[in-house]
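Just the heavy atoms: all of them, side chains too, but no hydrogens, waters or symmetry mates, feed the values below. Here is how names work: the chains are called A, B, and so on, in the same order as the sequence lines, proteins then strands, and each is numbered from 1. Keep in mind that this is a model prediction, so the values were computed, not measured.
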Amino acid sequence: MRAYKAKGDVQAKPYYTDRYWVAPQVAKFDVESDEVFAKDLEVIKSKFDVLEAFIQVEQMTVFIKPEDNYRVLELLKNELEYTQLSEMSAIDFLETRDGFEVFYQMLSMNKRKRVRIKMFIKNGVAVNSVEKLFRSADWSEREMFDMFGIEANDHPFMKRILMPYDWQGYPLLKSYPLQGDEFASWYEVDKIFGKEAREEIGPEIRDTATIDRYDSERFARLGHEVPKGTKITGNEPKVTQSYQEDGGVFLIKKLDRDNSKVIDDPQR
Amino acid sequence: MAQHKINYTQNGGLPVALTSMDKVVNWGRSNSLWAMTYGLACCGIEMMAAGASRYDFDRFGTIFRASPRQSDVMIVAGTLTKKHSEFIKRLYDQMTEPRWVISMGSCANTGGMFNTYATVQGVDRIIPVDLYLPGCAPRPETLQYGVMLLQKKIRANKASRAQKPKRLM
């Protein structure tokens, strides 16, 4: 007899999966194919360990050891004319390799080239700050700490930059839920009113498709609004909203369309 | 010597209008709704447009103030982040009674498209809201209409009633 398979979710599964499908990769080229990069790599290799180097999309990527990062960037800045640190951050590889890849994107205005310095660090390990070399690393390293929890040694002000100082959790980790964890969902209530207010204010409504037709405060049914706190039976008469009372308002003239001049030409 | 002679024989003899105290007070309140400049995101641009010459809030007596202590209505125009939530509460508390709040646009109403960890899902979780304006972003006409509805709401209340401080809780 054939083995039983549950067929309840058969429709939900993809109809066809390609067994031989391979995720596309950006083509990697040998560093020797570009003479400027080849020379630069020679200089780096003569002083530091290079784990891997290749060219991708006309940019050289060099993997180095994490303890060398300050001196490699110093070399790039002072001798190889890569004078700008245009971007730096980290990539979460906790799931597969229990660590992060930290990258430094360098730009040379003289050579018109970009180099990416990468290094792999284990989870919980701090990196050396490059803030003394590049002022732009100041906020980038704070952002890296804010989003991934990677600290930078010798940084002058190692605090969160985007999230509040008393925030818990690191939002750019792949394990962090997009709609926030328990702490995030109650953050403003806990901070302003205290934890005991949670019950009164209630949880966040995160389902964007929620429509309660009797929720008059959220204008779900136009014309059937009632004041806050009113018991809603469902048989409310339709009310047409107008901006003025029928009898007119004290000291205020009501607009009379017949007496007013309508300008037809928008360019006038 | 008056430059213009007043004709006391017009309007039944005297330049006097008789009405109730409520109406006078409410007329004053509803026609000098000073709004607090609270542009948080792109809705703020529409709020500024409503205040500028084409839509001209000044003719409603709505003048934008940069201080909560001088303003009557807080127009929350834009996305409220969790980091900013304590400040909106503080600014609301600094406004003098009576005070009103207009929540302008989807983000301020419900969090809008920012269904994320960093956005407050509706300002009514922090401060009590009088009027919700739908739209992303609402046009300046919508904001004008909203202010006129708020004026109507103010007129509907008795001015002499005890002013209960508005609290969310």
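- In this structure, no portion of Asn26(B) lies under 4.5 Å from any heavy atom of chain A.
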- Item | Stepwise side-chain contact (heavy atoms from CB on, under 4.5 Å) check, Glu188(A) with Lys89(B) | CA-CA 10 Å; Glu188(A) 76 274 19; Lys89(B) 179 74 166 80; over 6 Å; no

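- Heavy-atom distances place the side chain of Thr19(B), and not its backbone, under 4.5 Å from chain A.
- Rounded to the nearest 0.5 angstrom, Asn115(B) CG and Ile205(A) CD1 are separated by 11.0 Å.
- Close approach to chain A, defined as a heavy atom under 4.5 Å from one of its heavy atoms, is seen in Tyr145(B), Met148(B), Leu149(B), Lys152(B) of residues 139-152 of chain B, taken by number.
- Using a 4.5 Å heavy-atom threshold, the side chains of Trp167(A) and Lys83(B) count as separate.
- Most heavy-atom pairs under 4.5 Å with chain B, from the set Leu162(A), Asp181(A), Leu178(A): that is Leu178(A).
- For NZ of Lys23(B), the number of neighbouring non-hydrogen atoms (other residues, nucleotides, ligands) closer than 6.0 Å is 12 at most.
- Phe193(A) CZ to Arg125(B) CZ: the interatomic distance, rounded to the nearest 0.5 Å, is 9.5 Å.
- Between atom CD of residue Gln179(A) and atom OG1 of residue Thr119(B) there is a gap of 11.0 Å, rounded to the nearest 0.5 Å.
- For Arg59(B), the CZ atom sits in a packed shell: over 12 heavy atoms of surrounding residues, nucleotides or ligands are nearer than 6.0 Å.
- For the pair Met163(A) and Lys82(B), the minimum side-chain heavy-atom distance is 4.5 Å or more.
- Taking all atoms of both residues into account, the shortest heavy-atom contact from Tyr117(B) to Gly180(A) is CB-CA, 3.5 Å.
- Looking at Tyr165(A), neither its backbone nor its side chain comes within 4.5 Å of chain B, counting heavy atoms on both sides.
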